[in-house]
Amino acid sequence: MIIGILGGGQLARMMALAGYPLGLRFRVLDPAPDACTGHLAEHIQAEFDDPEALRELARGCDVVTYEFENVPAGALEQLEGTVPLYPPPAALRYSQDRLREKELFAKLDIPTPRHRPVDCRQDLDAAVAEIGLPGVIKTRRLGYDGKGQRVLRAESDLDPAWEQLGKQALIYEALIPFERELSIISVRGRNGKSAYYPVPENTHTDGILRESLVRPNDPMQQRAEAYAGRLLDALDYVGVLTLELFQLDGQLLANEFAPRVHNSGHWSIEGAETSQFENHLRALMGLPLGKTRLLGHIAMVNFIGQLPDTTEVLACAGTHFHGYGKPERPGRKVGHGTIRASSVEKLQTELVRLKKLALP
């Protein structure tokens with residue numbers, strides 16, 4: 001079988017690495033000449049909405065998927081009806097617009113931070129008056145890893161934020177003083193059966209994920225699964241879906257969902273019986289989903305900007321090194337390390353060592 005992927009970054013790369021033992025072949029469409037999945041798959045270098053490139057991607061493929069949310073809508077429209085396309089394009093359309101996403105959450109009775117659409121400067125004033133400060137002003141589209149948003153803490157922040165972001169549709173949200181950031185990685189097969197991974201507790205810096213610490217038997221697991229399950233069923237979903245959540249006062253508030261494999265699930269490669277990448281592929285192909293149980297005490301640390309020395313990372317007991325084959329530059333995810341330990345104490349010891357090595 002041949003799997004086509006829109007996007008050739010590290011998520012597509014890890015899909016390919018998970019798929020080769022299953023006998024799969026891969027073809028990726030990505031405009032970057034140095035797309036890191038190009039080392040592992042046939043690489044079509046073209047813009048995502050190039051009609052001929054899309055036809056070439058789909059030709060002979062058994063199914064097409066995507067590795068990121070910002071795929072142009074036109075690309076999906078050209079592919080729909082020509083080849084099986086999962087996750088369903090409806091999920092991508094919701095996740096590409098933060099307001100539509102919040103409306104879907106509301107329809108499914110999934111709590112969110114208070115929010116209001118902002119289409120003009122007067123709307124921003126009204127939103128701040130209604131919701132209060134501090135808050136976050138975000139672009140409705142094309143934001144990731146902290147891009148396209150600004151925190152507003154005082155009235156004096158409004159004008160600079162509007163100057164930076166005000167030429168597009170926006171949304172204003174209450175800034176949540178959360179106790180923890182969590183995510184639930186879920187997967188649903190073509191037959192409607194679903195599976196869920198243990199929730200990781202995530203730490204971000206400047207909007208970029210730095211660390212995921214998996215919490216076995218987390219008290220928020222069942223509620224997180226319930227919310228993710230509502231999304232999976234409402235969207236008639238196929239593949240991996242990740243729901244990002246804030247915990248506050250014993251409640252969970254949905255931040256956003258990603259209709260794809262996710263950075264906060266990279267730990268599953270060594271830390272779960274079946275990785276999120278393999279389960280995504282199993283779902284696409286209609287195969288039985290794999291078990292998601294933990295294989296120990298698990299944490300994952302991102303390498304941002306530059307890779308640490310491989311020898312030093314692998315000297316940390318139970319640690320696995322992943323480099324993405326990407327040129328190093330500030331703020332870029334270029335790899336990660338996953339620790340699998342037999343006890344919480346051993347995990348914490350090696351986590352401290354790995355985080356020091358990972359600092360740019």
Hey, can you pull the donor-acceptor pairs under 3.5 Å for the side chains in residues 286-300, sequence neighbours left out?
{"from": "T292", "atom 1": "OG1", "to": "Y196", "atom 2": "O", "distance (Å)": "2.8"}
{"from": "R293", "atom 1": "NE", "to": "E273", "atom 2": "OE1", "distance (Å)": "2.7"}

Enumerate donor-acceptor pairs with a distance under 3.5 Å from any side-chain N or O in residues 352-360 to protein atoms, sequence neighbours excluded.
{"from": "R353", "atom 1": "NH1", "to": "E350", "atom 2": "OE1", "distance (Å)": "3.2"}
{"from": "K355", "atom 1": "NZ", "to": "E211", "atom 2": "OE1", "distance (Å)": "3.1"}

State, with a plain yes or no, whether a side-chain heavy atom of [X] is found less than 4.5 Å away from one of [Y].
| X | Y | result |
| --- | --- | --- |
| R188 | D233 | yes |
| L92 | Y66 | yes |
| I2 | L24 | no |
| E181 | E244 | no |
| F26 | I5 | yes |
| T65 | P87 | yes |
| E67 | L6 | no |

### Task
Please answer whether the main-chain N or O of R13 pairs with a side-chain N or O of T37 as donor and acceptor at a distance below 3.5 Å.
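At least one qualifying donor-acceptor pair exists.
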Got a salt bridge between [X] and [Y], using NZ or NE/NH1/NH2 to carboxylate O under 4.0 Å?
| X | Y | value |
| --- | --- | --- |
| D125 | R121 | yes |
| R25 | D62 | no |
| K138 | E173 | yes |
| D34 | K326 | no |
| R340 | E270 | no |

Less than 6.0 angstrom separating the ring centers of F321 and F303, yes or no?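 Yes, the ring of F321 comes within the 6.0 Å limit of the ring of F303, centre to centre.
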So, do H266 and F277 have ring centers that fall under 6.0 Å from each other?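 Ring centres of F277 and H266 closer than 6.0 Å.
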Item to check | Any pair counted as ring-ring contact (aromatic ring centres under 6.0 Å, His included), so long as it reaches residues 32-61, sequence neighbours left out | outcome: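 Applying ring-ring contact (aromatic ring centres under 6.0 Å, His included) to every pair that reaches into residues 32-61, excluding sequence neighbours, yields F48-F68.
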inquiry  = Please identify which of these residues, N202, T242, N255, meets the side chain to side chain donor-acceptor pair (under 3.5 Å) condition with S183.
reply    =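 The passing option is N202.
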* Asked: Should we say atom CD of E52 is surrounded by more than 12 heavy atoms from elsewhere, each under 6.0 Å from it?
  ->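 Buried by this count: over 12 neighbours within 6.0 Å.
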message: For residues V240 and M15: do they belong to one hydrophobic cluster (side chain heavy atoms under 4.5 Å, members Ile, Leu, Val, Met, Phe, Trp, Tyr)?
response: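 Yes; M15 is reachable from V240 via cluster members.
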Subject >> Any pair counted as side-chain hydrogen bond (donor to acceptor under 3.5 Å, both in side chains), so long as it reaches residues 300-316, sequence neighbours left out >> reply: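 Qualifying pairs: N263-N302.
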Q.
Which label fits H336 and Y324: parallel for a plane angle under 30°, tilted from 30 to 60°, or perpendicular past 60°?
A.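 Aromatic pair H336/Y324 classed tilted.
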inquiry  = Taking transitive links into account, so neighbours of neighbours count too, which hydrophobic residues share a cluster with L99 at under 4.5 Å side-chain distance?
reply    =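 Joined to L99, directly or through intermediates: I171.
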Which pairs of donor and acceptor atoms, one on a side chain in residues 103-110, lie under 3.5 Å apart (sequence neighbours left out)?
none

